[in-house]
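Below you'll find the structure, written out as structure tokens, and then a few comments.
As the structure lists them, so they are numbered: ligands from 1, and atoms in each ligand from 1.
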Amino acid sequence: HDSLTGLPNRNFVLQCYPALLQQAKGQGEQAALLCIDLDRFKNINDSLGHTFGDLLLVQMGERLKSLLAPAQQLARQGGDEFLVLLCAPQVQEQAATLAAAIVEALARPLWLRGQEVRLTASVGISLCQDGAEDIQSHMRHADLAMYSAKDAGRNGIQFYNKAMDARARTRLALEYEIRRGLENGEFEAFYQPRVDCLTGEIVGAEALARWRHPERGLLFPDSFIPVCEESGVIRELDRQILAQVASQLANWEAQGRLLQVSVNLSASQFGDPALPDVLQQILQASNCRAAAIELEITESLLLAHDQNTLDTLASLRTMGFAIAIDDFGTGYSNLAYLQNYPLNTLKIDRSFISGLPQSSAIPQLITSLCRILSLNMVAEGVETHAQLDWLRQQGCQQYQGYLCSRPVSLAHFNELLHY
Ligand code: C2E
Ligand code: CA
Ligand code: CA
């Protein structure tokens, strides 16, 4: 058994489920295997610490247990994945009903150590009539279906189908290609201007990764960031982008041009205690001032008052980096952290800007919040003059968006600077 949750573990499944499958067959029943994965658990575990993550897993295990009948076998597959084996004459409908109940139950908010945590789950279902002969192929199918539920936007259910095998092969090949691309320096920082709302002057930029693929041309983050996050390669990517930005900032400064560039830092970086040292090395290698760089992190990282994250952020601030919260307003609506973390900037998410000037309640709230807490405010995704006018009137300092420019190559960005 698994020592954390007390549930049967993966080995148990491999040893005992074959007999259960056999037995079901003998009774004219069909089997379904459900693979349940907690969405974004890795983020929470990285940012809030393993103890918190463990507590969360135990709670989720309890929720699952309470949903299941005794004959429905629950196990912990490992990490944040659970398995349920279901045998019944007409298993397909039962599996769908059960999976829906699981998704609903796991999505209910949870209080842990005085924190409200919101998780969702993705469920993949493998039926034995789909050619799963043994427990291994059953597990593989359920796993593939679970990944496709995640791709479909998480918090949902997918049944396995054959096309998923091909997709898995493609994904693995992509991961390999990304690693190779990183070794060959194929990833490049593009720059989207950050503009002063009042003067219209370009005061900096956000660096956004692009992949100059030798065969497929210029690729955008949606085609590689998810695989990078899943495989952990994101750390290397973020560091390469940061190194490019740092050396470019030093160049500009040598030309007398003071800019601040923000880079995106994946939450998984905060699981690495060496992060401040790594960043320090990058600064030294390029002779760049830390203050010229703003690190963009996501709200979910700050979900609880985790001491490790707080310490890391504090040392990054002491080193001189500015810290921004990206996509502000889309994550957890816990505002307490805004006071407790050393932040400089809130970047209001594009989804709130697109409704301006008609739907202004949330942007208005965020502008007040920034004023009261003395935080710099950057509006993302500004596309129209009407939006900019509204932001200017509200005292928002800076914006990014197609109104000024899309993210562009370094050469192009340098041209924009010289207009
Ligand atoms: P993000 O950090 O929220 O970046 C803003 C995204 O919005 C960019 O997409 C940008 O092209 C797009 N955008 C900017 N202005 C407008 C506008 O006016 N209208 C519209 N419709 N869209 C606009 P992009 O470059 O495709 O990046 C997508 C996401 O990928 C980023 O979202 C960020 O989360 C992630 N990402 C990109 N580069 C990196 C990186 O180097 N490291 C990490 N960890 N994540 C990255
Ligand atoms: Ca960003
Ligand atoms: Ca953003």
Carboxylate-amine/guanidinium proximity below 4.0 Å for [X] and [Y]:
X    : Y    : result
E81  : R76  : no
K65  : E62  : yes
E294 : R194 : yes
R212 : E186 : no
E177 : R216 : yes
D327 : R350 : no
D37  : K150 : yes
R171 : E230 : yes
D2   : R10  : no

Would you check whether I225 reaches within less than 4.0 Å of ligand 1, judged by its heavy atoms?
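I225: in contact with ligand 1 (<4.0 Å).
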Under 4.0 Å to a heavy atom of [X] - the qualifying atoms of ligand 1, by number:
X    : result
V382 : 18 (O)
G401 : 15 (N), 18 (O)
I241 : 41 (O)

Among all the protein's non-hydrogen atoms, which is closest to [atom], and how far away is it?
atom                    : answer
atom 11 (O) of ligand 1 : P407 CG, 3.3 Å
atom 30 (O) of ligand 1 : P221 CB, 3.4 Å
atom 4 (O) of ligand 1  : L208 CD2, 3.6 Å
atom 15 (N) of ligand 1 : Q192 NE2, 2.9 Å
atom 5 (C) of ligand 1  : E380 OE2, 4.1 Å
atom 44 (N) of ligand 1 : D238 OD1, 3.0 Å

Could you grab the angle centred on the Ca ion (ligand 3), going from OD1 in D327 to OE1 in E380, to 10°?
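It is 90°, given to the nearest 10°.
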Treating N344 as the side-chain partner and I323 as the backbone partner, does any N or O pair qualify as donor plus acceptor under 3.5 Å?
yes
Describe, in one word, how the ring planes of W252 and Y191 are oriented to each other, choosing from parallel (under 30°), tilted (30 to 60°) and perpendicular (over 60°).
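Perpendicular, since the angle between the ring planes exceeds 60°.
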Using 30° and 60° as the class limits, which term best fits the ring planes of H1 and F12: parallel, tilted or perpendicular?
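Judged by the thresholds at 30° and 60°, the geometry between H1 and F12 is tilted.
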Out of Y402, F190, F224, whose heavy atom sits nearest atom 23 (C) of ligand 1?
Y402
Out of R239, E206, R350, E383, the nearest non-hydrogen contact to atom 6 (C) of ligand 1 is supplied by R350
For ligand 1, which part of [X] has a heavy atom less than 4.0 Å away: the side chain, the backbone, both, or neither?
X    : value
R210 : side chain
L237 : neither
D327 : side chain
N264 : both
D326 : side chain
A209 : both

Presence of N, O or S from [X] under 3.0 Å of the Ca ion (ligand 2):
X    : result
N264 : yes
E296 : yes
E206 : yes

Taking atom types as modelled and ignoring hydrogens, do the side chains of E253 and N287 form a donor-acceptor contact shorter than 3.5 angstrom?
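Checked: E253/N287 side chains show no N/O donor-acceptor pair below 3.5 Å.
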One should read off an interatomic distance between H213 NE2 and N184 CG, to the nearest 0.5 angstrom, of 10.5 Å
Which N, O or S atom name in D326 marks its closest approach to the Ca ion (ligand 2)?
OD2
Whether over 12 other heavy atoms sit under 6.0 Å from R392 CZ:
yes
Specify whether the nearest protein heavy atom to atom 32 (O) of ligand 1 is under 4.0 angstrom away.
no
Distance flag for atom 9 (O) of ligand 1, protein heavy atom under 4.0 Å:
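So atom 9 (O) of ligand 1 lacks protein heavy-atom neighbours under 4.0 Å.
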Is there an N/O/S atom in D349 at a distance below 3.0 Å from the Ca ion (ligand 3)?
no
